[in-house]
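Throughout, a chain's letter reflects where its sequence line sits, starting with A, and its residues are numbered from 1. Fair warning: this is a prediction, and the values are worked out from it, not measured in the lab.
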Amino acid sequence: MSTSLILLSLLVIGIAAYVMASSRANALSGGKSSNLHSRPGYYGSYAAVWAMLPSLIVLALWLSISPSIIETSIRGAFPDEVKAQPAATQNLNYGMVSAIARGLPKLTAEEVAGITDGSIDIQAKLGEKGVPLAGAAEPYMIEGAKNLTAKTAVSRLVMTGVVLLLAVAGAAYGLRSVAPRFRARNQVERVMLWGLIVASSIAILTTIGIVLSMLSEAARFFAMVPASDFFFGTVWDPRFAGAGGTSTEGQFGLIPLLAGTLYIGFVAMLVAVPVGLFAAIYMAEYASPRLRSLAKPLLEVLAGIPTIVYGFFALVTVGPFLRDLSQQVNGLVTGNYMNFIQAQSVLTAGIVMGIMLIPYVSSLSDDIITAVPRAMRDGSLGLGATRSETIKKVILPAALPGIVGALLMTASRAIGETMIVVLAAGVAARIDINPFEPMTTVTVKIVSQLTGDLEFTSPQTLVAFALGITLFCITLCLNIYALYIVRKYREQYE
Amino acid sequence: MNMMSEAAVEKALDKKMNDIALKMIGKDVSVHYGEKRALYDVNLNVRENTVTALIGPSGCGKSTFLRCLNRMNDTIDNCKVTGKITLDADDIYDPNIDVVELRARVGMVFQKPNPFPKSIYENVAYGPKIHGLARSKADFDQVVEASLQRAGLWNEVKDRLHESGTGLSGGQQQRLCIARAVAVSPEVILMDEPCSALDPIATAKVEELIHELRTNYTIVIVTHSMQQAARVSQRTAMFHLGHLVEENDTDKMFTNPDDQRTQDYIMGRFG
Amino acid sequence: MNMMSEAAVEKALDKKMNDIALKMIGKDVSVHYGEKRALYDVNLNVRENTVTALIGPSGCGKSTFLRCLNRMNDTIDNCKVTGKITLDADDIYDPNIDVVELRARVGMVFQKPNPFPKSIYENVAYGPKIHGLARSKADFDQVVEASLQRAGLWNEVKDRLHESGTGLSGGQQQRLCIARAVAVSPEVILMDEPCSALDPIATAKVEELIHELRTNYTIVIVTHSMQQAARVSQRTAMFHLGHLVEENDTDKMFTNPDDQRTQDYIMGRFG
Amino acid sequence: MTNIVSPVAGAVSPAAAPRRDIGIKRRYAAERRFRAYGIAAITFGVVFLILLLSTVIRNGYTAFQQTAITIPVEISEKLIDPDNKRATDPSVLIAANYPAVVRDAIVKQLGIDPSKRTEVREAAAMISKGAPIQLRNLVVANPALIGTTVNVTFLADANIDSANKGQIDLNVPEANRKVSDTQIGWMNQLKSAGAIEKQFNTGLFTSGNSSRPEAAGLGVALVGSLYLMLIVLALSLPIGVAASIYLEEFAPKNKLTDLIEVNINNLAAVPSIVYGLLGLSVFINFAGFPRSASLVGGLVLTLMTLPTIIIATRAALRAVPPSIRSAALGLGASKMQMVFHHVLPLAMPGILTGTIIGLAHALGETAPLLLIGMVAFVADIPGTPLEPSTALPVQIYMWANEAERAFVERTSGAIIVLLLFLILMNLGAILLRRRFERRW
Amino acid sequence: AARDQVQVAGSSTVLPYAKIVAESFGETFPDFKTPVVESGGTGAGLKEFCKGVGPDTIDIANASRKINEKEAEACKAAGVTEIQEVKIGYDGIVFATDSSNGDMKIEAKDIYKALAAEVIVDGKLVANPYKDWSEINDTLPKGPIAAYIPGSKHGTREVFEEKVMKEGCKEAGSTDVIKGLISDAKEASAKCIAVRKDGVAVDIDGDYTETLARIAANKTGVGVFGLAFYENNADKLKVATVGGVAPSTETISSGEYSVSRPLFFYVKKAHLGVIPGLKEYVNFFVADQMIGPEGPLAEYGLVAAPDAEREEIRKSVEEGKTM
Ligand SMILES: Nc1ncnc2c1ncn2[C@@H]1O[C@H](COP(=O)(O)OP(=O)(O)OP(=O)(O)O)[C@@H](O)[C@H]1O
Ligand SMILES: Nc1ncnc2c1ncn2[C@@H]1O[C@H](COP(=O)(O)OP(=O)(O)OP(=O)(O)O)[C@@H](O)[C@H]1O
Ligand SMILES: [Mg+2]
Ligand SMILES: [Mg+2]
């Protein structure tokens, strides 16, 4: 049976179990549900869970483990001289075997025979059928492939049997457990709880995945470039080390990127936080429902505009505008019409990114502010506080944890943004305290080092992974600090 | 102090006799919550330096009327108030009136205790702070202590002033809210069932407070305890189904009311 | 019906005489909120089909004890309960006990009315729904109406069953919460000042309800009205500063208490 | 406090009593300022939005129109099937010299001497290079057309399209323009003959990508984005909400859950391209999903969106007052029931906001798609999420980098389409959110 | 899973050409699906290419440079032993400014002087002091120096460094002086090509559109473009002659204009004849109809290889010659 068919049968068994168990519970209750511990639906769900969950787990495990078990046994049957080859070659050989095995079912019996006795060129034959082979196949590979096909078939058959049997057995067990005092709801809720736990573990798995997918490459980078040069270097200048290039590998100083990241993020937050917070406060506390229901989605559009659009907006409109403005201002003040704001600058990037981030602050904060119970507002207004005082002294403190969460997310987005920075602040890695000069961020460099024409094993590319890991650790520390702050100032209403 | 207070009482009584010092006047006050009408043309005056009790069965509109007096109904979206209410001859629903000043002058204790999720100290100091009634730390300490004393809560909380006000028992929260309202010394204090969660002793303390406040302040109190109304108030108004049934001197009200319904209600023959 | 109820009362009295039917037993119950200790080794039994009143000054730990009886204290982070409480001989703090089932058997009306921000109908129907006590729409209608009737709220809200429960007056909310608790017919009902926001007539109705419920249910009520305690309860327990001062038959308690403090409190000589 | 207020003389109005100074003027000024800040903030955001949108719309609205040339085409048998073998060998029809047919048609229409080779070439260049294919499909579908003359509407070449829309600066020296003066003359000639007209650009929505600007469309990108968003919505919303519920309502509050919380916040700060790396190694290399497929893209974007939804949901859950929880628990609801019946509905607005913002972000994201091969030239509309496809932002990104001028307006046009997509997508959530919003 | 279309990845410089070919291929062969062409850079493309053999790996990697040793080894280790290299033509690299500027004639040494991190002044290596084009060469227009050059990850950057900076260094006579000052040969040659970091030379990590936009925002700036991009935007840009030669397809293919680089693609031989359409695609690509001087690629801006070289390419494809 194909996997999807098995899944379908499991579903059918599950539904059947549900129906039977709940009707059985109904019958047991004798019309008075207080005789039962749980509602009949819970008994049904309990039986369905028993029918489907174990069998699904077995199915998943089987599907993921059996290939490697079969692989080991096939490899064990390889001739000794093949086994003596280096591991990489062996892997390739096994790749061939599985490719042949993929092709075998597409061949007729004669063709298989032909292949086995060597009268037909297997590579060409399988190529015809759309299965590419990396090289010429040796007899032991064909043998292995046949073996593989056979074993896979057996494994699948057994798996189908086991899984379906398990499902039926589970359903029966679930059904048998139906008894008035049986705590079906607790059991079902326990399963749900595990579901929730699994969902939250996805976040953990993502983290592990991210760290793992970067760690080994980052380690390779640090094998080529000393960590101290990376962490304490103040010059970012990875040179082009192309094919047979003569140039050296350049310098990979983290500091200018980090400074740029923090600076640009800071300016962006300087725009986004006040604007977003005030917008949220206005929408939640002052605006008429109509204005609010219009303004909120409008501002949310800002979050959906692709960042490249912001980037070009910064490059073509905001940057030159600020430059010309500074020219005029300088001219009026000093008489020297020299622009002091560069067209590409921290300021430009910060402002434009800040605009993009407004809805992150405004929409979330608005929801949280709206959720503060009315009694809090009444209490303060009744004492003669103005609305703004109420907001500042009562509502915002009560909404603080949520708002801080929103702000953290906003800051995170600011750190993770690329296109706006590239187009608005450029890619020049410099250290400067003047916000009117260009700088760049870690993220920009991660993207630019990962794309482009360099080979993947050069430190120029690998540095992206080192940057990624470092950024990860730094933001982690910032987040821990933020959590500590929130804990300290949290106010629980009621 | 006692002397003075007595003098004040006398003065108040004088005024009452002449029927002049009307602190607040409600004329044809009607309230709608959306479609539902909650008050029907209520004409009720609040006399200065007097305790006015509002009584009536649950849901008859006492809180609604009370909330009209300092415009707390403004905060309810679908609530519409018509008619005229004056405070010291100023129409409080006049667009030019300043709600904040109004509420600073007409303070309120809500029916459901609603302490801020802040420390007990901050809860009480909040009003004086926003109105600038205290400056130095010492001022604040003094105001906080005095207010908590008056609400009869000081002894219970003096060791935990900096713990959260939401961690108090129900009755303690109610007294905290009274302390909070008293701390800004408004001219009129509206109290919506201030003793509902209080034991007799605490109730007595609050009643004493009301008595004491009366010399300088005007008080409107909602209560469902006839005894309490009789004990603390000079004037009583009886509501029923959104109508003002009767308004009268408390003594008269509880001995010989004009309206049959009042009589029935007070006698517990109602419903 | 009346006959039966009388018979039941007699039965209950019988049990009481023999001192057997203890529905709940609290042994050495102590509660800490963080550092602060709120109850000190309370030993208090709740008899079956009896109304037990808890009295005592505000902040003495009545609500805290009540919340121990159905483990609502579990939801407060820093609250720690020690000692042993049994319901029908099962230790309710046993890790194997099903808290949900416990709470379905031991219902609660909270001190501060807390209706769900749903319609009045849904507020009442919620309990029966999750416990599967009603199936059809008609069943639900019937349960909702009966419960609201019992809480004396039906007439006021029958036209607006599908409006929000939070748009009710304070007293109406309180009765709604009572109706909500009654709708699931728990074995034990804990009521934390159920009449605090009610006028005398509504109070009388709730007291009548309590009286009626007593035949089949066990009731624990917190009240700060001595009169109410005397009217509705058969047993009274008096708390003070976290200690159980005295537990006794109500009659005895209000006439000739064993403890001096009880006497003082009841006489109002306290504080 | 016990001081008696100044004695009231007789029947004088009590209003004469001096009022307390509670700094009302100053406070009202602060109040007005505060309000003004709010209005300013909203105005700031909205003005920028309008500025952005108007720029985009100004540049892009022309992309929704397309110049088409309708000319009579003589489908001569001589050119298409000179040896009359089409009955036996259908491939003749496919391989026939259609470009010549198109060329002849335009040459005839303009009345050019067919022997002047450069002029002929220039004239032929006015019609899209896709025209021969269009003609071929026409003939293959209906071989009876051979030997007849039919009116066919071709797309004009992108440069003629631009010229027709007035986007080409005729002051630039002819050598530096893509359109010659002769072609402009011809264009005007065709215009006066009524052969050139602007029509609605349906191809923009239905065609796949193309290297010819006039034929390039967003079909693949639209379908791809649709798949992506469906996958993201179907996965990230339930997973995100489930995770938040566990962390906020069930998880014991200890160091481990703190770590998870911090960790999720931190995931929001991971640059999106890193998710691309993760997707490449997990979904393509490890799990063996195909490259360029929207399924993989959807999974990657799901991981990227999860932190946003989780953070928003947790904040919303936290904002539900505890009294609601006690009320439910007190009635004998289990914790699960309490959460799903009461807390979740109240937290819904916040959850939906998180979803709106998260999806908006996912809809506009390019970087992670780069590494899993979705930044690609794809011409065929994908039938399933396993086939190669692109996404709207990718198309915008790629068109923005095209050299041809005609792609400029299309880039803006694509942005408009993306925003429409965004608005449509969010409309449901916004309406839903309004339903759930209430104050208590 | 079997795949029914060709998958291509790699250099974004080659992308437009591959796109044109893929599209025409799809139209010409209705039986085959149009190939999918990813962009993402030569390095990433080759990495995917070298992942192994089989339908779950790509068939062709586009490259704007030759595959290097390490990459070829990685390929081999993964089983990609037979790789066909196909050169498709040349990419000309031009310097251009905003069209509002006057004619610009530059020499490699001007660029070197304007952009080098350190230049020789009075026999000493000092940080680049020049601020204005006219300080370098008075034939150049007056205006502050600003240049938009490809980022250090781009293949074009390498060409820029090798063919312009290094040449300019030599032309300016600095090479020898530097060699005299610095003993280490590697370091000395690095000095020649190091670009100043004071904001005068701006790295562009994006595409030429970004350079174009930057020039539009700063009219005195000089940008580096591909010939194809310039030709499509000739109305907005003014191209500079280098060494007196104006860049064009003719001058580049004849070698007169030196700043250019070859473009390639690499084919996985094991996939030929297996992935439907792959063989046809490769043949279609190298036909004169595509890469010839009259073909659409040349029209777009590719500099076609000389006739003989194209013949060579076709022959080696025909023979299936591998590296
Ligand atoms: N969540 C909490 N955190 C800290 N302390 C608490 C908390 N809840 C109650 N307390 C304290 O525990 C003591 C007993 O509180 P409890 O609520 O049981 O009083 P009570 O007898 O119900 O009083 P009342 O009649 O005022 O409701 C009080 O001093 C109170 O301040
Ligand atoms: N926000 C509201 N929306 C709709 N109706 C309301 C609202 N608030 C109160 N009502 C209704 O208006 C009427 C009067 O309510 P009000 O709160 O004034 O009663 P009350 O006299 O204070 O009663 P109680 O003693 O129970 O507090 C009641 O019927 C109530 O249901
Ligand atoms: Mg009320
Ligand atoms: Mg209490």
Identify which part of [X] has an atom lying under 4.5 Å from any heavy atom of chain B, answering side chain, backbone, both or neither.
| X | answer |
| --- | --- |
| C:Gln174 | neither |
| C:Gln172 | both |
| C:Lys36 | side chain |
| C:Cys60 | neither |

Could you state the interatomic distance from [atom1] ([X]) to [atom2] ([Y]), rounded to the nearest 0.5 Å?
| X | Y | atom1 | atom2 | value |
| --- | --- | --- | --- | --- |
| C:Glu193 | B:Asp199 | CD | CG | 9.0 Å |
| C:Ser58 | B:Leu153 | OG | CG | 8.0 Å |
| C:Gln111 | B:Lys112 | CD | NZ | 12.5 Å |
| C:Glu163 | B:Tyr33 | CD | OH | 12.5 Å |

Subject >> Best-contacting candidate, C:Ala38, C:Gly170, C:Ala197, C:Gly34, against chain B by heavy atom pairs under 4.5 angstrom >> reply: C:Ala197
Subject >> Among the listed options C:Leu168, C:Leu198, C:Ile76, the residue most often paired with chain B at heavy-atom distances under 4.5 Å >> reply: C:Leu198
Original post:
For C:Lys80, does the NZ atom sit with more than 12 other heavy atoms under 6.0 Å from it, leaving out its own atoms?
Top reply: no
Original post:
Passes side chain to side chain contact (heavy atoms under 4.5 Å, CB included), B:Ser169 versus C:Ser63? Steps please.
Top reply: CA-CA 8 Å; B:Ser169 83; C:Ser63 300; 5.8 Å; no
**OP:** Would you name the heavy atoms of B:Gly59 and C:Glu156 that are closest together and state the gap between them?
**Re:** CA-OE1, 4.4 Å
Subject >> B:His224 side chain to C:Thr203 backbone, donor-acceptor under 3.5 Å >> reply: no
Original post:
When only pairs under 4.5 Å are counted, which of B:Ser225, B:Ala204, B:Pro113, B:Ala202 shares the most heavy-atom pairs with chain C?
Top reply: B:Pro113
